[in-house]
Amino acid sequence: MLRLHSYVYHRPANLEEAVALLTEHAGDVLPIAGGTDLVPNMKHRLFTPGHLVALRGLRELKGISDADGLIRLGAAESLASIAADPLIKEVLPSLAEACGDISGPQLRRMGTIGGNVCLDTRCTYYNQTFFWRQALGFCLKKDGDDCHVVKGGTRCVAAHSADAATALMTLDASLELAGPGGRRSLPIEQFFTSDGVWNRRMDAAEILVAIHVPRPAPGSRFSFQKLRIRNSIDFPLVNLAAACRLDADGKVESLRMVASGMGAYPRKIGKIEDAARGNRLEDAVIETIAHETFRQSRPLDNIPVDKDWRRAMVPVLARRALEAMAG
Amino acid sequence: MKQILELRVNGDRHEVGVPTHFTLLETLRYVLGLTGSKQGCDKGDCGACTVIVDGEAVLSCIMPVQEAEGREVRTVEGIAGRRGAHPLQKAFDLTGAAQCGFCTPGILCSALALLEVNPQADRDEIARALSGNLCRCTGYTKIFEAVLLAGQAMSSGREPAEIIGEP
């Protein structure tokens, strides 16, 4: 049995009220949407805010729409509704797939796309009960000074494990944030930092309102791959999203790959576009790119399962993604 | 600190005084006395706490009770009708789909939410709908059989026993 600490639960009527509540209780408040990550984390005493501000009922955070070549995903739309949406399935299939494979079905009906983008980083030494963490003298990310993953480390290396965020990184997505100073837009590529303690460039009083994704150009292809222990419930051990554009002859015009589940942020794989551009996605090209994903991946023992095996699986996911896009 | 909330559970309206930090599961079990929904992992992994909220199977152990306000909650206690067990429950009985029974209330809720929308769900759809419910006794085979049988019963209006030729 895991009890929650005592808090006041606010249900603001609109976005303005929500931002005002976050500002008023600064330092002792957190927003809650689906609660699927936050509630377990609070049960583990990783967060103990005196106030929670519910985002689920906010109209401004709802809806999936398509206007002027831009698809808008309300941040409080559930992962299940994104995964089942006909437009998303047709136009952004890698995102639909990523959302449709997060955790298990009950959790996808509660958890939101915005929550997935803002997901806290995870670590074997962090996502544990207070009792468990206390027995080890706590850790760098919460309540302690030592890192148990990198001995003597001074920088938290907890893993980014959000599948939808990884897919959005390949889709030119931008985030619409609302805060006390008004609204701002931030490309998702600039959203994450390498600090495992708090890996988002977002103020505590800000709320993610929506995610905007440009409608992909004709000839675009996508793939999302992930590895986990069981094909339900579990977090990814590594994941990989890919997007490419092929010309009429099947030759690559652009290619993008992002892998996560290793460090504190979803990592763009560099140097692959040159190898791919102008070529068909055939064996030799696929092998070169897969090898590059391996070279650039450095999983750590921050989440369960051997890091060397996880690293060896990155090119396997890359191959699967490239073959799926070529086919 | 307590808060007065109005909840609708299994068709009954309840006005309850509940600690503000209670989950829906804690409220069902410790305030309303509905102990059918189980407290397993208590952090959203195992599915033993699954209940149906507005027609969708969700996890009550990680749902703040306030989120259930104004919505229709159904638990395992509300599955049987006035005339006795629901076809789904009869199918679980007939096929031996429950062993220790701890996961059963959650599985019944996940399965019922599926069958009410899609009584003709095939084995793959059933497996996917139940993929958030852990059972540590069986290999799920009899559970899938039970849900398939219940689906047949619900779409044909026949008794599960009649379908499999039991007396």
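None of the values given here were measured: they were computed from a predicted structure.
Around the CZ atom of B:Arg71, the shell of radius 6.0 Å holds more than 12 heavy atoms that belong to other residues, nucleotides or ligands. Within 6.0 Å of CD on A:Glu17 lie more than 12 heavy atoms contributed by other residues, nucleotides or ligands. The 12-atom threshold is not exceeded at CD of B:Gln120, counting heavy atoms of other residues, nucleotides or ligands nearer than 6.0 Å.
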What's the verdict on side-chain contact (heavy atoms from CB on, under 4.5 Å) for A:Ile233 and B:Leu134, showing C-alpha distance, side-chain angles and the deciding distance?
CA-CA 10 Å; A:Ile233 305 173; B:Leu134 297 184; 3.7 Å; yes
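Residue B:Ala113 does not touch chain A at all, counting heavy-atom pairs closer than 4.5 Å. Residue contact with chain A, scored on non-hydrogen atoms closer than 4.5 Å, involves the side chain of B:Thr50 exclusively. In this structure, chain B has a heavy atom under 4.5 Å from the side chain of A:Ile32, while its backbone stays farther away. With a threshold of 4.5 angstrom between heavy atoms, A:His44 approaches chain B through side-chain atoms but not through N, CA, C or O. Interface remark: B:Gln66 contributes backbone and side-chain atoms alike to the contact with chain A (heavy atom separation under 4.5 Å). Contact annotation for B:Cys41: only backbone heavy atoms (N, CA, C, O) come within less than 4.5 Å of a heavy atom of chain A. The contact between B:Glu26 and chain A is made entirely by side chain atoms (from C-beta outward), counting heavy-atom distances below 4.5 Å.
Residues B:Lys43 and A:Pro40 come closest through the heavy atom pair O-CG, 3.6 Å. Across B:Leu59 and A:Gln106, no two heavy atoms sit closer than the pair CG-CB, 3.6 Å. When all heavy atoms of B:Tyr30 and A:Met1 are compared, the closest pair comes out as OH-CE, 3.3 Å. Nearest heavy-atom pair across A:Pro105 and B:Ser131 is CD-OG, 3.2 Å. Contact record, A:Leu2 with B:Asp42: N-OD2, 2.8 Å, taken as the closest heavy-atom pair.
At least one donor-acceptor pair under 3.5 Å links the side chain of B:Thr20 to the backbone N or O of A:Tyr7. Judged purely by atom type and a 3.5 angstrom limit, A:Arg109 has no side-chain atom pairing as donor or acceptor with the backbone of B:Glu56.
Between the side chains of B:Gln3 and A:Tyr9, no donor-acceptor pair of N or O atoms lies under 3.5 Å.
Contact check for A:Arg11 versus B:Glu69: side-chain heavy atoms found under the 4.5 Å cut-off. Using a 4.5 Å heavy-atom cutoff, the side chains of A:Leu107 and B:Asp45 are not in contact. Within the 4.5 Å cutoff, no side-chain heavy atoms of A:Leu52 are placed close to those of B:His21.
Taking B:Cys46, B:Gly40, B:Pro64 one by one and counting their heavy-atom pairs under 4.5 Å with chain A, the maximum is reached by B:Pro64.
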